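Values in this document were obtained by computation on a predicted structure and should not be read as measured data.
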Amino acid sequence: MRGFLASSTGVTCAAALALPLAPPAAATTSAAPPVASSTARPEAYAPGGTQSLPLTSRTRDRAPGAAEQGLARRDVRHFSLVGVVWDNPATELHGRVEVRTRATATGAWSGWRELETHNADHAADPGTPESTSGRVRGATAPLWVGESDGVEVRVRAETAPGSARTAPAASPLPTGLRLELVDPGRAAPPPTNRARTKATEPAVLPALPALQKTKPHAGPRPRITTRRGWGADEKLREKGFVYTKKVKAAFVHHSDTGNNYRCSQAPSVIRGIYRYHVNSMGWRDLGYNFLVDKCGNVYEGRAGGVSKPVLGAHTLGFNSNSVGIAVLGTYSSKKPSSAALKAIARLAAWKVGLYGMNPRGKTYLKSGGGNLYPKGKKVRLNVISGHRDGFATNCPGKKLYAKLGTARAKAAAYQGR
C-alpha cells in the first residue's frame with residue numbers, strides 16, 4: 001500500500017484472508033524445494049495458539065538489525081495467519097517482508113506473498129495506558145493464508161533513497177524480529193441449557209426496529225454476531241473495559257486482506273486477528289469495534305458492549321469519541337459488495353444515532369496525535385469518515401472510500417432523515 005501524503009509511503013489496515021483449506025492461485029507442488037528441517041515433524045495438532053519464531057540473518061552480517069533476515073523453509077504446527085513483530089513499536093520497518101506457506105490439505109506451497117509493513121495507522125492513541133503498557137510491539141499487518149503447516153520468510157531492508165545501486169542497505173532492520181504463526185482455534189461450543197444463565201451473552205443479537213419514540217433519528221439495530229458467536233477466548237484480553245464519552249463519528253476501514261474467502265470462514269479470521277492483536281502486538285483487545293464481511297454480516301469487535309462507547313485502537317489519533325468499522329477484504333481496485341455497504345450504513349445509522357449524530361453531517365474531533373494532525377488540534381470530519389481522513393493511508397481502499405457517500409445517504413435514510 002502506498003499513502004497519499006506527497007509520495008510518502010502510506011499505511012494500511014491490516015489482516016489478510018484466503019481460503020483456509022485450499023492453496024492460493026499461485027501455489028505449486030512440483031517446483032518447491034525440499035523442506036529444510038533439522039527436527040522431526042511437529043507434534044500433533046492442538047487448535048488455538050501462537051508459534052513465535054526468531055528470524056536470523058541471511059547474510060554474512062550477523063549483527064542485530066542485519067539488512068536481510070528470515071527463516072528457512074520448515075515444518076511447523078498448524079496455523080492460518082502470519083505476521084512479523086519486533087521489539088520497539090516506535091521503530092518503522094523500512095523494507096519488504098515476504099512469506100511462503102504450505103497448505104495442509106494439499107501440501108502445495110504458495111508463491112511469495114508480501115506483508116504490509118506500515119501498520120501503525122490503526123493503534124491506541126499516543127500516551128494512553130494501552131500504548132504505554134510496555135507490552136506493545138511493532139508489527140506488520142497479519143496475513144490470512146488458510147490452514148498451513150509449512151512456512152518460509154524473508155525480510156529485506158530498503159536501499160537508502162538516492163544512493164547508488166551498490167550502496168549498502170538503508171537503516172538496519174528493527175531488532176527482535178520474530179515470525180508469528182497464529183492458529184485461531186475452534187469456536188467454543190455453546191453452553192448447555194443447565195449452564196446457561198441470564199448473564200450469558202447470546203451468540204447473536206437480533207435486529208431491532210428504530211427507537212422512533214425516544215430517539216427519532218436512531219436507526220434500527222442490525223443483527224450482530226457477538227464475541228461469543230465468533231468464538232472469542234475472553235481469557236486472552238485484559239480484564240475490564242475502557243470507554244470514551246460518546247460516539248461522534250464512525251471510521252470505516254478495510255482489512256486489506258484479499259476477497260477470496262467464504263463468509264462462513266469470517267469468525268475464524270476474526271479469531272486470528274484477535275490473537276495477533278493481543279498476543280503478538282500487545283494490545284488489550286481486538287482493535288476494531290465492529291467488523292463486517294462481504295455478505296453483510298456484522299460482528300462485535302472490542303469487548304465492552306455493542307451499544308456503549310468502547311474505546312478502540314483503530315484510527316491512530318482519533319479513537320476517542322469514535323467507532324471503528326472494518327470491512328473484511330481489499331477494496332483498492334475491487335468494489336465492495338452492496339451487502340457490505342448496506343451493513344455499514346445500518347450499523348452506522350444505529351450506532352451514531354444513539355448519540356444524536358446525523359450520518360450526512362460533520363463533527364469535530366480532537367486529534368490525539370498522528371501524521372496528519374498534531375495532538376490537540378480540533379479537526380472537522382464527516383460523521384462517517386474513511387480511515388484516510390484521520391491518517392495518511394490508503395485505507396479503506398480507493399473503491400470503498402468512493403462509496404462512503406452512498407453509505408452516508410443510506411444511513412441517513414435508515415434514521416428517517
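Using modelled atom types and a 3.5 Å distance limit, the side chains of Ser52 and Glu180 yield a donor-acceptor pair. Inspection of the Tyr401 and Asp389 side chains reveals an N or O donor paired with an N or O acceptor under 3.5 Å.
The only option from Asn319, Leu347, Val323, Leu311 that meets the side chain to side chain contact (heavy atoms under 4.5 Å, CB included) definition with Asn289 turns out to be Val323. Under the side chain to side chain contact (heavy atoms under 4.5 Å, CB included) rule, Phe79 has a single partner from Asp149, Leu179, Val145, which is Val145. The one candidate from Thr140, Leu93, Val153 that meets the side chain to side chain contact (heavy atoms under 4.5 Å, CB included) condition with Leu115 is Thr140. No option in Arg237, Arg135, Arg284, Arg302 other than Arg302 meets the salt bridge (Lys or Arg N to Asp or Glu O under 4.0 Å) test with Glu130.
In this structure, Asp183 does not pair ionically with Arg271, as no charged nitrogen and carboxylate oxygen lie closer than 4.0 Å. Ion pair Asp75/Arg102 flagged as a salt bridge, since at least one NZ, NE, NH1 or NH2 atom sits closer than 4.0 Å to an Asp/Glu carboxylate oxygen. Salt-bridge annotation for Arg154 and Glu152: absent, with no side-chain N of the basic residue lying under 4.0 Å from a carboxylate O of the acidic one. Between Arg96 and Glu158 there is no salt bridge, since no side-chain nitrogen of the basic residue lies less than 4.0 Å from a carboxylate oxygen of the acidic one.
Scanning all heavy atoms of the two residues, the minimum distance from Tyr288 to His277 falls at CE1-CE1, 4.4 Å. Shown here for Glu300 and Ala303, the closest heavy-atom pair between the two residues is OE2-CA, 4.3 Å. Annotation for Tyr276 and Gly83: closest pair OH-CA, 3.6 Å, computed over non-hydrogen atoms. Between Ala343 and Gly296, the shortest heavy-atom distance links the atoms CB-O, 3.5 Å. In plain terms, the two heavy atoms of Lys375 and Pro126 that are nearest each other are NZ-O, 4.5 Å.
Side chain of Asn371 to backbone of Ala392: a donor-acceptor contact under 3.5 angstrom is found. Distance alone, capped at 3.5 Å, places no donor-acceptor pair between the Thr393 side chain and the Phe391 backbone. A donor-acceptor pair is defined here as one N or O able to donate and one able to accept, closer than 3.5 Å; no such pair exists between the side chain of Ser148 and the backbone of Gly150. The backbone N or O of Gly127 sits less than 3.5 Å from a side-chain atom of Ser131, completing a donor-acceptor pair. A distance-only check finds a donor-acceptor pair linking the side chain of Ser337 to the backbone of Ala340 [under 3.5 Å]. The closest donor-acceptor contact from the side chain of Thr244 to the backbone of Pro309 lies at 3.5 Å or more, if one exists at all. The backbone N or O of Asn382 sits less than 3.5 Å from a side-chain atom of Ser385, completing a donor-acceptor pair. Under a 3.5 Å cut-off, the side chain of Lys335 and the backbone N or O of Lys403 do not form any donor-acceptor pair.
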Show your working on side-chain contact (heavy atoms from CB on, under 4.5 Å) between Ser133 and Trp283 and close with a plain yes or no.
CA-CA 9 Å; Ser133 66; Trp283 294 359; over 6 Å; no
Using the rule given for side-chain contact (heavy atoms from CB on, under 4.5 Å), can you reason through Gln415 versus Val352, listing the C-alpha separation, both sets of side-chain angles and the distance that settles it, and then say yes or no?
CA-CA 10 Å; Gln415 286 191 350; Val352 304; 3.9 Å; yes
Run the side chain to side chain donor-acceptor pair (under 3.5 Å) test on Ser268 and Arg186 for me, step by step, so that the C-alpha distance in whole Å, both residues' side-chain angles and the decisive distance to 0.1 Å come before the verdict.
CA-CA 7 Å; Ser268 183; Arg186 302 189 181 102; over 6 Å; no
Check the pair Glu201, Arg228 against salt bridge (charged side-chain N to carboxylate O under 4.0 Å, His left out), reporting the backbone distance first and the verdict last.
CA-CA 7 Å; Glu201 180 187 51; Arg228 189 174 79 82; 5.4 Å; no
Might you work through the side-chain contact (heavy atoms from CB on, under 4.5 Å) test for Asn297 and Ile224, ending with a clear yes or no?
CA-CA 7 Å; Asn297 300 306; Ile224 300 172; over 6 Å; no
If you apply the rule side-chain contact (heavy atoms from CB on, under 4.5 Å), what do you find for Ile273 with Val182, and how did you get there?
CA-CA 9 Å; Ile273 298 171; Val182 181; over 6 Å; no
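At least one test fails for Arg178 against the ring of Trp86: distance under 6.0 Å to the centre or angle within 45° of the axis.
Counting heavy atoms from C-beta on, the side chains of Val310 and Val242 never come closer than 4.5 Å. Within the 4.5 Å cutoff, side-chain heavy atoms of Leu400 are placed close to those of Leu341. The closest side-chain heavy-atom distance from Lys248 to Leu365 is below 4.5 Å. Contact annotation: the side chain of Arg137 never approaches that of Met281 to less than 4.5 Å [non-hydrogen atoms, C-beta and beyond]. Looking only at side-chain heavy atoms (C-beta outward), Asp285 and Arg227 come within less than 4.5 Å of each other. The side-chain heavy atoms of Tyr331 and Pro396, taken from C-beta on, include no pair separated by under 4.5 Å.
For Tyr274 and Trp230, the ring centers are positioned less than 6.0 Å apart.
Below 30°, between 30° and 60°, or above 60°: for His314 and His253 the angle between ring planes is above 60°, a perpendicular geometry.
Expressed to the nearest 0.5 Å, how far CG of Leu143 lies from OG1 of Thr101 amounts to 7.5 Å. Atom CG of Leu177 is separated from atom CD of Gln69 by 5.0 Å, given to the nearest 0.5 angstrom. The structure places CZ of Arg360 at 11.0 Å from CZ of Arg408, a figure rounded to the nearest 0.5 Å. To the nearest 0.5 Å, atom CZ of residue Arg221 and atom CZ of residue Arg346 are 11.0 Å apart. Distance OH/Tyr299 to OG1/Thr226: 11.5 Å, rounded to 0.5 Å. From Asn321, atom CG reaches atom NZ of Lys366 across 10.0 Å, with rounding to the nearest 0.5 Å.
Counting non-hydrogen atoms of other residues, nucleotides and ligands closer than 6.0 Å to NZ of Lys294 gives a total above 12. The 12-atom threshold is not exceeded at NZ of Lys410, counting heavy atoms of other residues, nucleotides or ligands nearer than 6.0 Å.
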